[in-house]
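Just so you know, these numbers use all the heavy atoms, side chains as well, and skip hydrogens, waters and symmetry mates.
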Amino acid sequence: MRTSIINQSPCFPQTFTIQNPNSKIKHQQMELSSSLKPSNSVIFHHSHEFSFSSSISPFPVKTHFQNRKFPKPFSQNPKIFSAIDSQEKQEEQQLPQNSPQRLLKELSQRKKFISPNKRVPPKRFILKPPLDDAKLAQRFLNSPQLSLKQFPLLSSCLPSMKLNNADKTWIDEYLLEAKQALGYPLEPSENYGNDDNPAKQFDTLLYLAFGHPHCDRTNTRHVRSGHSRLGFLGQYVLELAMAEFFLQRYPRESPGPMRERVYALIGKRFLPKWVKAASLHNLIFQYDEMDKLIRKEREPPVKSVVWALFGAIYLCFGMPEVYRVLFEVFGMDPEDEECQPKLRRQLEDVDYVSAEFEGKKLSWQEVAAYKPPEDALFTHPRLFRACVPPGMHRFRGNIWDYDARPQVMNALGYPLLHIKDRIPEITNARNIELGLGLQLAFLHPSKHKFEHPRFCFERLEYVGQKIQDLVMAERLLIKHIDAPGKWLQERHRRLLLNKFCGKYLREKHLHRFIIYSEEVQDSFEHNRRLRNPATTSVQQAIHGLSYTVYGKPDVRRLMFEVFDFEQTQPKAVV
C-alpha cells in the first residue's frame, strides 16, 4: 500500500513520498525536491542546495556554506585583525568595478580621512613653558611701551616689541606714500624737534595704523595689538571732535540732528568714499580694487584703518590736526546734501547766544585754530557758551540756586581751590557761571524746553557722553598695556553702561535735585524705570559741564575720585 501526500506552499512547493513500512523493501528513502530555487529570497542570502540522505534513522545532516560573513570579533589580537582585513580585501577584489557596495565602502573610507571625529587643536592653543623671571623682566624693559615716561598714553599705544625686518620693509616701501597723501614732511619722524616731542613716534604709529588685521602681514601679535589699540582710541577721538564741531557750528540745534550729521560723515558706510578721496585706498587694499569688493569685505578694513589713523594723529599732534585731516585731506563737507538730517519740528529759539554765533556758521579752521583768550574764564569758553545760553541768567536767585546748588557743589568738590585768579571778580564770575551750568545740568527737558529749546541738559549731555568715553578709553589703555583692542572695547562698554552711570549719581544722593515738571514728577514717583534714564543723562551732563569749564583733568577727577566709575567691576571678558 502506497500513500502519497502533496503539500504545496506559495514559496516552497514540496513533494514527499513515504513508503509503507510493512513492505519488504530493505531501504527507506525520502527525497526532498523543490521546483523553485530561491535566489533572492529573504531567508536565503545565497543559492544553497540541501540534501538529506540516511540509511538508518536518525538522519545525519550535512550543510555547505559559501562566502559566509562573520561579525568582527571583539578581541584585540592583531593576528585576528590582520586575517579579517585580508579577508575583506579579497572580498573587495571579487566585487565588480561598478558595484554599489564597493563604492559605498570607498566613500566611508574617504570620510574617515576628510572629517575625523577628533580635530587636532591649533598650534596657538598648545601651552608653552613660561619664561623665567629674568627673561620676562628683560622683555618688559626692552619693550617700546616703557620708553616714554612723559607720555604714558602714547607709550601704551606703541608696539610691545621692536619692529622686525618685515615691518621695516613695509615702512621703506609705503610709508612715504602715506605721509605724502596725509600732507606730512617726508623726512623720518625721529628728526622732529626735541626729545620731548611726541611726534617723534609718528612713523611707528602710522605703520601700526595701516596694519589692519584683514591683511596677511599683520599676524604677529605686537602689530595686531598695536593697531587694535589705536583704533579703540581713535573712534572716541573722532566722535568728540565731531560733537564739538557741530555744537559750535549749530548752537541752536538739538543733539538729534547733530548725531545724524556725524553718522553721515564718519559712519562706516561713508568712510570708503573719504579714503578714496585721500588716495589711501591703495595702501589698505594692496592687491584688490576697493570698488569691486562687496560691502562686508570693504567696510571693516577701511573703518579699522581710519580709526587707528586718527588715534595716531591725536597722540602725536593733538585735536587741531584731527580737524585738518578730516576736512582738508579727506575733504569732508558738512554742507553736503547727503549729510543733512531729516526734517523735524524745531522749537523757536528766541534767545541770543553770543555775538560770534549770530549771522554765520563757524568753519572747521575757526574751531581747530581757536585758542581761548588769556582772560577767559573757561578752558573751552565758546563750547561752554554754545551749551549754556546767556538766558540762564534769568534763573539767578531762584529757590534751586539758594537751596540745592551749595549741596551739589559740595558733593562734586566745587569750587576748585587750586585754581586762583589774579582778580577776585573773575573768581566770582566763574562761580556764577559754574552754578548756572550746574542748574542747567539738573534741568529736565519737561520743565522749560517749550519756553526755550536749550533750557535743558541735552546739549551738555551730548558732549559729556563723548568726553566720558574718551577719558575711560585713555584710562584703560594706560592700565592694561598688553590687552588687545577688542578686549578693551568690551570692558569699556561694560564699565560705562547707562545703569551704572545713573547708579553712581544716585549713590551720591544727587538725583533729589533734578528739576522736573509737575506731571513728570508725579509719574516718576510711582515708576522707577522711567526715572533712572534721567539720572544717567544728568550724570553725563555734569561731565560735559566739567569739560567745558575746567577741561579733561577735572573730568578724570569726577569719574575716578568723586563717583569712582571703577567701583563696580564687570564680569571677566573672555
Side-chain angles (χ1 to χ4, degrees), residues 153 157 209 228-250 253-271 274-275 299-300 302-315 317-327 329-330 332 334 339 341 362 364 367-368 380 383 386-387 457-477 485-486 488-498 501 536-537 539-541 543-548 551-552 555-556 559 565:
L153 180 61
C157 292
S228 61
R229 290 169 68 86
L230 278 178
F232 167 66
L233 176 66
Q235 60 174 322
Y236 301 115
V237 170
L238 272 177
E239 292 178 1
L240 177 63
M242 284 294 173
E244 291 187 16
F245 173 70
F246 283 116
L247 280 170
Q248 298 179 48
R249 185 177 176 87
Y250 303 100
E253 196 171 71
S254 62
M258 282 188 283
R259 293 179 189 272
E260 295 180 11
R261 296 177 189 273
V262 171
Y263 176 75
L265 283 178
I266 60 173
K268 66 177 183 179
R269 291 183 56 186
F270 309 98
L271 287 179
W274 309 121
V275 165
E299 291 176 0
V302 171
K303 180 187 71 173
S304 180
V305 169
V306 170
W307 285 359
L309 180 63
F310 282 102
I313 293 173
Y314 171 75
L315 290 174
F317 302 105
M319 194 65 79
E321 191 66 17
V322 172
Y323 286 112
R324 186 194 70 82
V325 175
L326 277 174
F327 296 102
V329 179
F330 287 168
M332 293 187 179
C339 303
L362 293 179
W364 71 265
V367 174
H380 304 274
L383 184 60
C387 297
F457 52 61
E458 287 181 347
R459 292 171 68 86
L460 281 176
E461 175 196 3
Y462 181 41
V463 66
Q465 179 185 3
K466 303 307 177 185
I467 189 61
Q468 174 180 291
D469 289 342
L470 182 60
V471 168
M472 180 59 76
E474 294 178 357
R475 172 90 168 189
L476 292 177
L477 283 171
K486 188 176 181 180
L488 294 173
Q489 182 71 43
E490 183 64 21
R491 190 166 185 85
H492 182 279
R493 184 188 68 84
R494 295 181 183 183
L495 281 171
L496 294 183
L497 289 174
N498 287 338
C501 297
T536 302
S537 302
Q539 172 77 60
Q540 295 172 350
H543 291 157
L545 177 67
S546 171
Y547 174 65
T548 57
K552 195 189 299 182
V555 180
R556 295 194 193 100
M559 289 182 64
F565 263 59

When rounded to the nearest 0.5 angstrom, what is the spacing between [atom1] in [X] and [atom2] in [Y]?
X	Y	atom1	atom2	result
Leu477	Leu153	CG	CG	6.0 Å
Leu362	Gln248	CG	CD	6.5 Å
Thr536	Leu497	OG1	CG	10.0 Å
His543	Met559	NE2	CE	5.5 Å
Gln468	Phe565	CD	CZ	4.5 Å
Cys157	Leu233	SG	CG	5.5 Å

Under the side chain to side chain contact (heavy atoms under 4.5 Å, CB included) criterion, do Phe310 and Val325 qualify, and how do the steps go? CA-CA 9 Å; Phe310 282 102; Val325 175; 3.9 Å; yes

For [X], enumerate each residue passing the side chain to side chain donor-acceptor pair (under 3.5 Å) test, keeping only those at least two apart in sequence or located in another chain.
X	value
Gln489	Gln235, Tyr236
Ser304	His227
Ser228	none

Please determine whether a side-chain nitrogen of the Lys or Arg among Glu490 and Lys486 lies less than 4.0 Å from a carboxylate oxygen of the Asp or Glu.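 Salt bridge flag = no for Lys486 with Glu490.
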
Is there side-chain contact between [X] and [Y], with heavy atoms separated by less than 4.5 Å?
X	Y	value
Pro334	Phe327	yes
Tyr547	Leu383	yes
Leu495	Leu476	yes
Gln540	Asn498	yes
Leu326	Leu238	yes

What pair of heavy atoms forms the shortest contact from Ala386 to Leu247, and how long is it?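 Ala386 and Leu247 have their closest heavy atoms at CB-O, 3.6 Å.
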
Determine the minimum heavy-atom distance between Gly544 and Val463, stating which atoms define it.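 It is CA-CG1, 3.9 Å.
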
Show every donor-acceptor pair shorter than 3.5 Å between a side-chain atom in residues 256-264 and any protein atom, with sequence neighbours excluded, or say none if there are none.
from   : atom 1 : to     : atom 2 : distance (Å)
Arg259 : NH2    : Gln465 : OE1    : 3.2
Glu260 : OE1    : Lys342 : N      : 3.1
Glu260 : OE2    : Arg344 : NH2    : 2.7
Arg261 : NE     : Glu253 : OE1    : 3.2
Arg261 : NH1    : Tyr250 : OH     : 3.3
Arg261 : NH1    : Gln340 : OE1    : 3.0
Arg261 : NH2    : Glu253 : OE2    : 3.0

For Arg475, which residues count as a salt bridge (charged side-chain N to carboxylate O under 4.0 Å, His left out) partner, sequence neighbours excluded?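 Glu566.
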
Run the salt bridge (charged side-chain N to carboxylate O under 4.0 Å, His left out) test against Glu474 and tell me which residues pass, sequence neighbours left out. Lys552, Arg556

Applying side chain to side chain contact (heavy atoms under 4.5 Å, CB included) to Arg324 and Ile313, what does each step give before you reach the verdict? CA-CA 10 Å; Arg324 186 194 70 82; Ile313 293 173; over 6 Å; no

Show the numbers, then the answer: is there a side chain to side chain contact (heavy atoms under 4.5 Å, CB included) between His492 and Phe232? CA-CA 10 Å; His492 182 279; Phe232 167 66; 3.9 Å; yes

Return the set of residues passing ring-ring contact (aromatic ring centres under 6.0 Å, His included) with Tyr462 (not counting sequence neighbours), or none when no residue passes. none

Output every pair passing salt bridge (Lys or Arg N to Asp or Glu O under 4.0 Å) with a member in residues 229-245, not counting sequence neighbours, ordered by first then second residue. Glu239-Lys466

When you look at Leu265 and Phe246, which way does the side chain to side chain contact (heavy atoms under 4.5 Å, CB included) test go after all the steps? CA-CA 12 Å; Leu265 283 178; Phe246 283 116; 3.6 Å; yes

Whether the side chain of Tyr323 engages the backbone of Ala241 through a donor-acceptor N/O pair (distance < 3.5 Å, no angle test) should be reported. yes

Verify, without hydrogens or angle tests, whether Trp274 (side chain) and Ile266 (backbone) share a donor-acceptor contact under 3.5 angstrom.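 Side chain of Trp274 to backbone of Ile266, a donor-acceptor pair under 3.5 Å: no, none is there.
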
